[in-house]
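First up is the structure itself, then whatever we jot down about it.
Values below: all heavy atoms of this structure, side chains included; hydrogens, waters and symmetry mates excluded.
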Amino acid sequence: MKQKNKMLSTHGIKTLFETRLTQLTSLASESQDETAFKNKLNDYLLSGPIYNPAAARQIKRLIDNDGKTIYEASTEQEIKIETISLLWKFLTNSIINEEISVDLWIDLYHQFDRLYHEEEELPDEKQVQQWMKRWPSGLNEDVRAIRRQNKERIISLLIQKIENRHAPSSRYLFPEGSTEEDKRQLVCQWWNEARFHLAMAIKSPTELNRMLGNSLSEETLQLYHKARKKGMPVFITPYYLSLLNPTGKGYDDTAIRSYILYSPQLVETYGNIHAWEKEDAVEDGKPNAAGWLLPDGHNIHRRYPDVAILIPDSMGRACGGLCASCQRMYDFQSERLNFNFEELKPKESWDKRLRKLMEYFENDTQLRDILITGGDALMSQNKTLRNILEAVYKMAVRKRNANLQRAEGEKYAELQRVRLGSRLPVYLPMRINDELLDILREFKEKASAVGVRQFLIQTHFQTPLEVTPEAREAIRKILAAGWTITNQLVYNVAASRRGHTAKLRKVLNGLGVLCYYTFSVKGFEENYAVFTPNSRSLQEKEEEKRWGKLSAEQEKEFLNLLRNSKDRAAAVQRFCTFHQIPFVATDRSVLNLPGIGKSMTFVTIGMTKEGKRILEFDHDPTRQHSPIIHQMEKIYIKENKSIWQYMLQLQEMGEKKEEYASLWKYMEGETEHRFPLYNYPDLGFRITEKYSHLSVVGNKSIC
């Protein structure tokens, strides 16, 4: 049936070309080959009745790149671009024994059809507000009512689980003689402890289905059993599981489900997953893909001169759950990241290794920003996290003192920013306990005295539904400890629905959280089910996010407000009310490019036989890059899903395709400027231009 529909669709789109784009089909029939067709097309774009110059420019680019062979960065394969050549064959019935998807013809039809139509007006604010209203938050009473029922059901099952446990050393056991009411009260009490949820995490398909009221399909269960046989972990805390809606009525929980339920493509490829960000693949003694020399092991990841990631040898190599679209899935695959908590506890050798890792930051000329992550930075126990932050503090002191002996222009960059990357405010908000808050306050007080100016928890709310009363309280506590909270959204299909991201910005802003990045999903095959084409990121930016964009004057006003307010949530709310905007759009839409960093500066130069767009990226001109970009200024990425297949996915989720009709036109993007809060403060002195820990052949800045 699927094949039949495909054939009918191909016939239908051919009819559209012949009846609505008659000039194009005439040019094809008058051309003896692809070259003649491209020449005639070029002439037509210059002299024909064109109403849309932007569409003409984009088609001209497809023509100019036709026949070009490019090196595709994610698959590391060469691809010959044949977009216009294939179109000529299609229009002249010259395709023989070639498997070509109708998706290609649909995209090309829209590109040529645009020539004869002026661009439609963008959606107004009223329309965007209507889209936003479709998505409730986890603070809505009707959502909370369903979740209270979920919690009661899950608690009953946890009581059974504890009763059947054979772990006498566990702290979560019922005293002998406990009544059913005693047991329920104990579990309700334990529910507020992060350790309880980690101890009771769901680790098998059967248990997952039971906790969801046996609501999973047989197909999903079989997929999970296959994943388990391949060694793919299942790990979901009872708290996070309670956020789902297994009733079939009420709120749409697709955005949450797409994070914990695995796709067939993910399970099929598990075991053969590669690092998308190739600079994260490290070999001892060799520079990574960005040219940086790193200490032995997998503790430091780096692509930029000024910032590096630290992944501790601790429980920070685990998470509060395994996200289906995790960019470090290959690390779980290799078991560098895992959920074996006992094995992840720091060994005696860790303190020695930590000192060595801090020496890397101390002796680097450019590093001024450390992102402690994993895994998840807040999965580390409080004692471990305190020790890590103490090591960071001592490193900052030594680096600052060493600069006293260096001349102006020869000084090293000093530590200015400390970030903790964690999804636990979402997965496990009860982790934000008093001891952790004391650690954060104490570190900020000490580090501020030695030049560190920015302290951030970089978290990851994926949907307004994850903003629960528990998460709200965790956010309040972190902000009260003096740390800024920024959010990074992975722009998967469920999150990309009209108004969804705009509503997330609004809900988070209302709690004092600032949005930082909106990330395109990595384009490997394992992410096919959740991949959103980059054109949708551009569409969201131009048509939805624009209602929260600030002028230069407003940015300055907002920045001063943030810096001088003790109640960030109230300050953001007042600002939005005064300026009559639904949210503050402080995030940038980007794709992490292999080896080069984040960017959304691209043009579409072709399409594959499957209708997947081929994008030519340039680096983000707003920030400092590794000198290796001079050897790889253009990066070519083949998206792993066509626009048409994405539209069909949206339709299956209940979306109206016509609401996304302008999607086809977004074929080129430009990286947005950085909100000033995310810029580094002025050091107050001039640092050396020399680089350390760099090995890029032919670059004079190497030292």
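- Under the 4.5 Å side-chain criterion, counting only non-hydrogen atoms from C-beta, Leu465 is in contact with Val143.
- Residues Tyr516 and His460 place their aromatic rings such that the two centres sit no closer than 6.0 Å.
- Rounding to the nearest 0.5 Å gives a distance of 12.0 Å between NZ of Lys549 and CD of Gln554.
- With ring centers used as reference points, Phe339 lies under 6.0 Å from Phe332.
- Side-chain contact between Met329 and Cys323 is absent, with no heavy atoms from C-beta onward closer than 4.5 Å.
- Of the N and O atoms on the side chains of Tyr239 and Arg147, not one donor lies less than 3.5 Å from an acceptor on the other residue.
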Applying salt bridge (Lys or Arg N to Asp or Glu O under 4.0 Å) to Glu120 and Arg114, what does each step give before you reach the verdict? CA-CA 10 Å; Glu120 296 181 359; Arg114 286 180 55 226; over 6 Å; no

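- A donor-acceptor pair under 3.5 Å is formed between the side chain of Lys641 and the backbone N or O of Phe531.
- Residues Tyr666 and Glu542 are in side-chain contact: their nearest non-hydrogen atoms beyond the backbone lie under 4.5 Å apart.
- Gln645 places no side-chain N or O within 3.5 Å of a backbone atom of Asp103 that could act as its donor or acceptor partner.
- At least one donor-acceptor pair closer than 3.5 Å links the side chain of Asn487 to the backbone N or O of Phe461.
- At a threshold of 4.0 Å, the pair Arg498-Glu540 does not count as salt-bridged, since none of the basic side-chain nitrogens sits closer than that to a carboxylate oxygen.
- One finds the OG atom of Ser325 at 9.0 Å from the CG atom of Leu266 (value rounded to the nearest 0.5 Å).
- Although no hydrogens or angles enter the test, the distance criterion places no donor-acceptor pair under 3.5 Å between the side chain of Asn527 and the main chain of Val530.
- Here Glu125 does not pair with Arg546 in a salt bridge; the nearest charged N to carboxylate O distance is not below 4.0 Å.
- Annotation: the span from Ile13 atom CD1 to Ile106 atom CD1 amounts to 5.5 Å, rounded to 0.5 Å.
- Counted by atom type alone, His619 and Thr601 present zero donor-acceptor pairs between their side chains at under 3.5 Å.
- Aromatic rings from Tyr262 and Tyr224 are positioned such that their centres are separated by under 6.0 Å.
- Counting non-hydrogen atoms of other residues, nucleotides and ligands closer than 6.0 Å to CD of Glu670 gives a total of 12 or fewer.
- In this structure, Leu198 and Phe235 have side chains that are in contact, with non-hydrogen atoms separated by less than 4.5 Å.
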Before giving the answer on salt bridge (Lys or Arg N to Asp or Glu O under 4.0 Å), spell out for Arg497 and Asp252 the whole-Å C-alpha distance, their side-chain angles and the decisive distance to 0.1 Å. CA-CA 12 Å; Arg497 291 173 290 180; Asp252 179 346; 2.8 Å; yes

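- A salt bridge links Glu141 with Arg148: the distance from a Lys NZ or Arg NE/NH1/NH2 to an Asp or Glu carboxylate oxygen falls below 4.0 Å.
- One side chain, Glu72 or Ser74, offers a donor N or O that lies under 3.5 Å from an acceptor on the other.
- Smallest separation of non-hydrogen atoms from Lys545 and Ser589: NZ-OG, 3.4 Å.
- Side-chain contact check for Glu466 and Tyr427: no donor-acceptor pair (N or O, by modelled atom type) lies under 3.5 Å.
- Judged by distance alone, with hydrogens and angles left aside, the side-chain atoms of Asp376 form a donor-acceptor pair with the main-chain N or O of Arg423 at under 3.5 Å.
- Side-chain contact between Ser520 and Met600 is present, with heavy atoms from C-beta onward closer than 4.5 Å.
- For Glu268, the CD atom counts as loosely surrounded, since its 6.0 Å shell holds 12 or fewer non-hydrogen atoms of other residues, nucleotides or ligands.
- Partners of Lys151 by side-chain contact (heavy atoms from CB on, under 4.5 Å), not counting sequence neighbours, listed by chain and number: Ile155, Trp191.
- Looking only at atom types and distance, the side chain of Gln539 has a donor-acceptor partner in the side chain of Ser662 under 3.5 Å away.
- One finds the CG atom of Leu223 at 9.0 Å from the CG atom of Leu261 (value rounded to the nearest 0.5 Å).
- With values rounded to the nearest 0.5 angstrom, Ile154 atom CD1 is found 13.5 Å from Met200 atom CE.
- Using modelled atom types and a 3.5 Å distance limit, the side chains of Ser565 and Asp567 yield no donor-acceptor pair.
- Using a 4.5 Å heavy-atom threshold, the side chains of Lys506 and Pro464 count as separate.
- Remark: His274 NE2 is loosely packed, at most 12 non-hydrogen atoms of other residues, nucleotides or ligands lying under 6.0 Å away.
- A 4.5 Å side-chain heavy-atom check between Phe519 and Leu489 finds every atom pair outside the cut-off.
- In terms of modelled atom types and a separation under 3.5 Å, the side chain of Arg588 and the main chain of Thr518 share no donor-acceptor contact.
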Determine whether Tyr660 and Glu655 satisfy the following criterion, side chain to side chain donor-acceptor pair (under 3.5 Å), listing intermediate values before the conclusion. CA-CA 9 Å; Tyr660 299 82; Glu655 296 292 288; 2.4 Å; yes

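- Under 3.5 Å, the side chains of Ser537 and Asn534 contain no donor-acceptor pair of N or O atoms.
- Proximity of a side-chain donor or acceptor of Lys638 to a complementary backbone N or O of Ile614 within less than 3.5 Å is not detected.
- Within the 3.5 Å criterion, the main-chain N or O of Phe524 finds a donor-acceptor partner in the side chain of Asn640.
- When all heavy atoms of Ile372 and Ala377 are compared, the pair lying nearest together is O-CB, 3.2 Å.
- By the 4.0 Å N-to-carboxylate-O rule, Glu553 lies too far from Lys556 to be salt-bridged with it.
- Between the side chain of Glu610 and the main chain of Ser101, no donor-acceptor pair closer than 3.5 Å is present.
- Using cut-offs of 30° and 60° on the angle between ring planes, the pair Phe558 and Phe675 is tilted.
- With salt bridges taken as basic N to acidic carboxylate O contacts below 4.0 Å, one links Arg536 and Glu544.
- Checked by atom type, the side-chain pair Asn52/Glu118 shows no donor-acceptor distance below 3.5 Å.
- A side-chain donor from one of Arg568 and Thr484 sits under 3.5 Å from a side-chain acceptor of the other.
- Salt-bridge formation is detected for the pair Glu119/Lys665: a Lys NZ or Arg NE/NH1/NH2 atom is positioned less than 4.0 Å from an Asp or Glu carboxylate oxygen.
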Could you go through Glu470 and Thr468, starting from their C-alpha distance and side-chain angles, then the distance that decides it, and tell me whether this counts as side chain to side chain donor-acceptor pair (under 3.5 Å)? CA-CA 5 Å; Glu470 295 90 342; Thr468 63; 3.3 Å; yes

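- Of the listed residues (Val426, Asn492, Ile256), just one forms a side-chain contact (heavy atoms from CB on, under 4.5 Å) with Gln462, and that residue is Asn492.
- Side-chain contact between Ile643 and Ser535 is present, with at least one heavy-atom pair separated by less than 4.5 Å.
- With rounding to the nearest 0.5 angstrom, the CG atom of Leu378 is 5.0 Å from the CD1 atom of Ile432.
- Judged by distance alone, the side chain of Thr604 and the main-chain N or O of Gly606 form no donor-acceptor pair under 3.5 Å.
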